[in-house]
*Asks:* 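One structure follows; several queries about it will come next.
Remember, it's a predicted structure, so these values are computed and weren't measured experimentally. The figures that follow rest on heavy atoms only: side chains count, while hydrogens, waters and symmetry mates do not.
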Amino acid sequence: MKKLLTVVLLSVILSSPVAVSAKPLIKFKETSYKFGEISEKGGIVKHEFKFENDGDEPLIITGVSVTCSCTKTEFTRKPLAPGEEGSVIVAYDPKRQEGTFYKAINVYTNSEKPRTILTIGGTVVK
């Protein structure tokens, strides 16, 4: 009787919607990029970070923040269905930034993991 009750309880728990919740899941192909050496006078450099919704609900980027005014972003703004791809483009302006740099870009989503940190780095030379 006790075993039967346990089996019935487990069946109910495992089949309830609370036990298995559908969520979007952002999956970046890479989260870090190194530009290497770039010229201070060479103008803005860009890198595209591509990602996919690896979950089973629509994925939405709710915001992106940067740590320096020398860094700007563009990103996919439409909701992405499961399996769809999007990107975050990071633009870095090396003007008056001589030396080694390391910048973080925070990507906020409705994903299972709500924040992803992307990084760029390199060395600005005259």
*Asks:* I'd like to check T73 versus I89 (side-chain heavy atoms, cut-off strictly below 4.5 Å). Are they in contact?
*Replies:*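 Contact flag for T73/I89 side chains = no.
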*Asks:* Without swapping roles, check the side chain of E40 against the backbone of R96 for a donor-acceptor pair under 3.5 Å.
*Replies:*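 Between the backbone of R96 and the side chain of E40 there is a qualifying donor-acceptor contact (under 3.5 Å).
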*Asks:* Would the number of heavy atoms belonging to other residues, nucleotides or ligands and lying under 6.0 Å from OH of Y102 be above 12?
*Replies:*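 No, OH of Y102 has 12 or fewer neighbouring heavy atoms, counting only those of other groups under 6.0 Å.
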*Asks:* Please indicate whether K27 has more than 12 foreign heavy atoms, meaning atoms of other residues, nucleotides or ligands, lying under 6.0 Å from its NZ.
*Replies:*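 12 or below, so no.
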*Asks:* Of all the heavy-atom pairs spanning D56 and P82, show the shortest one and how long it is.
*Replies:*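 In this case the closest contact between D56 and P82 is C-CG, 3.5 Å.
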*Asks:* Considering residues, nucleotides and ligands other than E37, do more than 12 of their heavy atoms fall under 6.0 Å from its CD?
*Replies:*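 Counting other residues, nucleotides and ligands, CD of E37 stays at 12 neighbours or fewer.
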*Asks:* Can any side-chain N or O of D54 pair as donor or acceptor with the backbone N or O of L25 at less than 3.5 Å?
*Replies:*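 No; judged by distance alone, with no hydrogens or angles, the pair does not exist.
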*Asks:* With rounding to the nearest 0.5 Å, note down the distance linking NZ in K103 to CD1 in I105.
*Replies:*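 It is 9.5 Å, given to the nearest 0.5 Å.
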*Asks:* Tell me, do I38 and F101 make a side-chain contact under 4.5 Å, heavy atoms counted?
*Replies:*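 Yes, side chains in contact.
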*Asks:* Can you name the closest pair of heavy atoms from I120 and T71 and give their distance?
*Replies:*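 Here I120 and T71 meet closest at CD1-CG2, 4.4 Å.
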*Asks:* For the residue pair L80 and T76, establish whether any side-chain heavy-atom pair is separated by less than 4.5 Å.
*Replies:*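 Counting from C-beta outward, L80 and T76 do come under 4.5 Å.
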*Asks:* In Å and rounded to the nearest 0.5 Å, what is the OG to NZ distance from S39 to K95?
*Replies:*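 So the gap between those two atoms works out to 12.5 Å.
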*Asks:* May I ask you to decide if Y108's main-chain N or O and T62's side chain share a donor-acceptor pair within less than 3.5 Å?
*Replies:*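 Here the side-chain-to-backbone pair exists.
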*Asks:* Do I26 and T116 have side chains that approach each other closer than 4.5 Å (heavy atoms only, starting at C-beta)?
*Replies:*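 Touching, per the 4.5 Å side-chain cut-off.
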*Asks:* Side chains of F28 and E52: does their closest heavy-atom pair fall under 4.5 Å?
*Replies:*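 No - every pair of side-chain heavy atoms lies 4.5 Å or more apart.
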*Asks:* Okay, side chain of T109, backbone of S111: is any donor-acceptor separation there less than 3.5 Å?
*Replies:*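 Between the backbone of S111 and the side chain of T109 there is a qualifying donor-acceptor contact (under 3.5 Å).
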*Asks:* May I have all residue pairs that pass salt bridge (Lys or Arg N to Asp or Glu O under 4.0 Å) and include part of residues 72-89, sequence neighbours excluded?
*Replies:*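 Residue pairs with at least one partner in residues 72-89: K29-E85, K78-E84.
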*Asks:* Is a side-chain N or O of N110 found less than 3.5 angstrom from the main chain of P58, in a donor-acceptor match?
*Replies:*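 At least one qualifying donor-acceptor pair exists.
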*Asks:* Looking at F49 versus F51, is the centre-to-centre ring distance below 6.0 Å?
*Replies:*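 Distance test on ring centres: not under 6.0 Å, no.
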*Asks:* Less than 4.5 Å apart, side chain to side chain, heavy atoms only: is that true for K126 and E98?
*Replies:*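 Answer yes - side chains close enough.
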*Asks:* Once you round to the nearest 0.5 Å, how far does NZ of K23 lie from CG of L59?
*Replies:*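 One gets 12.0 Å once the value is rounded to the nearest 0.5 Å.
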*Asks:* Examine distances only and state if a side-chain atom of N106 and a backbone atom of I117 form a donor-acceptor pair shorter than 3.5 Å.
*Replies:*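 No; judged by distance alone, with no hydrogens or angles, the pair does not exist.
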*Asks:* Is there a chain of hydrophobic side chains (I, L, V, M, F, W, Y, each step under 4.5 Å between heavy atoms) that links V124 to Y33?
*Replies:*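 Yes, it is one cluster - the side chains of V124 and Y33 are joined through contacts under 4.5 Å.
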*Asks:* Treating S87 as the side-chain partner and E48 as the backbone partner, does any N or O pair qualify as donor plus acceptor under 3.5 Å?
*Replies:*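 Here the side-chain-to-backbone pair does not exist.
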